[in-house]
Trainee: 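Would you mind keeping the following structure in view while I ask a few things?
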Amino acid sequence: VAQHVAAAEAAAKSHAEALQKRVSELQDGFHQRLIDAELKAGSIAAGLAHPDFLKLVDKSAVSVDADGAVAVPADFWAGVKASLPHLFTATGADRGTTSNPAAAPKPAPAGMKKATEMSDAEFKAALARIAAGQLP
């Protein structure tokens with residue numbers, strides 16, 4: 001009987017260790033997903049050009065505490081921007097302005113008015129110009 005009890009205790013201990021290892025692996029994966037989500041949200045505010053660039057960022061300074069709160073150092077994004085500036089889009093602050101950070105759109109080339117947008121008089125005048133060889 002003592003042998004069976006010892007064997008059962010050893011099996012239970014082995015099973016408990018395997019379960020503890022699996023719980024630890026799941027917790028590590030969960031923490032990594034929490035960190036990724038927090039950094040993805042922060043990357044938008046920091047001006048990261050594309051979320052896929054987070055794969056290139058060293059995340060070792062970011063941690064998750066026992067309550068599941070993600071701790072991102074205050075200077076994290078400044079450090080990333082300093083070491084990998086090519087991954088970030090230029091913002092208004094980078095260009096010395098706090099106005100709209102996007103570049104001004106190029107003006108559209110002046111085009112002809114569509115026939116459906118012309119009045120009858122404009123349409124007749126346009127046909128007369130075309131007939132006279134005066135294409136716009």
Side-chain angles (χ1 to χ4, degrees):
V1 175
Q3 290 176 337
H4 292 290
V5 170
E9 286 177 349
K13 183 178 179 182
S14 174
H15 188 66
E17 289 171 355
L19 286 176
Q20 183 60 37
K21 181 180 177 187
R22 181 66 180 141
V23 166
S24 179
E25 290 170 355
L26 290 172
Q27 189 176 31
D28 290 344
F30 175 70
H31 285 176
Q32 190 57 51
R33 286 191 298 279
L34 279 175
I35 289 170
D36 289 344
E38 184 73 23
L39 291 182
K40 186 173 184 179
S43 72
I44 294 167
L48 193 66
H50 196 278
D52 284 346
F53 292 156
L54 280 173
K55 295 173 186 172
L56 304 173
V57 173
D58 179 18
K59 303 170 190 170
S60 61
V62 182
S63 62
V64 179
D65 66 14
D67 295 329
V70 179
V72 180
D75 61 345
F76 179 79
W77 287 110
V80 172
K81 195 177 259 192
S83 64
L84 301 168
H86 54 283
L87 301 182
F88 292 83
T89 56
T91 62
D94 295 334
R95 293 191 309 261
T97 178
T98 57
S99 64
N100 186 354
K106 294 182 179 179
M112 291 183 53
K113 201 177 207 183
K114 294 181 181 179
T116 56
E117 299 170 344
M118 295 180 182
S119 67
D120 286 339
E122 290 173 324
F123 183 72
K124 288 178 184 177
L127 281 178
R129 284 194 307 273
I130 292 171
Q134 301 172 350
L135 296 176

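Just so it is clear, the model here is predicted, and its values are computed rather than measured.
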Trainee: When Leu39 is tested against each of Val70, Val80, Val62 for side chain to side chain contact (heavy atoms under 4.5 Å, CB included), which residue passes?
Mentor: Val62
Trainee: Atom CD of Gln27 and atom CD of Gln20: how far apart are they, to the nearest 0.5 Å?
Mentor: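 Answer for the CD-CD pair, Gln27 versus Gln20, is 8.5 Å.
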Trainee: Which pair of heavy atoms, one from Val72 and one from Phe76, lies closest together, and at what distance?
Mentor: CG1-CB, 3.7 Å
Trainee: In this structure, are over 12 heavy atoms from other groups packed under 6.0 Å from Asp65 atom CG?
Mentor: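 Correct, the count exceeds 12.
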Trainee: Show the nearest heavy-atom pair for residues Pro85 and Ser83, with the distance to one decimal.
Mentor: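 It is CD-C, 3.5 Å.
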Trainee: I'd like to know whether CD of Glu117 has more than 12 heavy-atom contacts from other residues, nucleotides or ligands below 6.0 angstrom.
Mentor: yes
Trainee: Within the distance-only criterion (no hydrogens, no angle test), does the side chain of Ser14 pair as donor or acceptor with the backbone N or O of Ala11 below 3.5 angstrom?
Mentor: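 The answer is no, because no donor-acceptor pair under 3.5 Å joins these two groups.
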Trainee: With salt bridge (Lys or Arg N to Asp or Glu O under 4.0 Å) as the rule and sequence neighbours excluded, what pairs involving residues 17-30 come up?
Mentor: Arg22-Glu25
Trainee: Donor-acceptor pairs under 3.5 Å, side chain of residues 51-60 to any protein atom, not counting sequence neighbours: which ones?
Mentor:
unit_1: Asp58; atom_1: OD1; unit_2: Ser60; atom_2: N; d: 3.1
unit_1: Asp58; atom_1: OD1; unit_2: Ser60; atom_2: OG; d: 3.0
unit_1: Asp58; atom_1: OD2; unit_2: Ser60; atom_2: OG; d: 3.2
unit_1: Lys59; atom_1: NZ; unit_2: Asp36; atom_2: OD1; d: 3.0

Trainee: Find the distance between NZ (Lys124) and CG (Leu127) and round it off to the nearest 0.5 Å.
Mentor: 9.5 Å
Trainee: With heavy-atom distances below 4.5 Å as the criterion, would you say the side chains of Gln32 and Ile35 are in contact?
Mentor: yes
Trainee: I'd like to know if the side chain of Thr89 reaches the main chain of Gly47, judged simply by a donor and an acceptor atom lying under 3.5 Å from each other, with no hydrogens or angles considered.
Mentor: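 Looks like yes, one N/O pair under 3.5 Å.
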Trainee: What pair of heavy atoms forms the shortest contact from Ala115 to Phe123, and how long is it?
Mentor: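 Between these two residues, the closest heavy atoms are CB-CE1, 4.0 Å.
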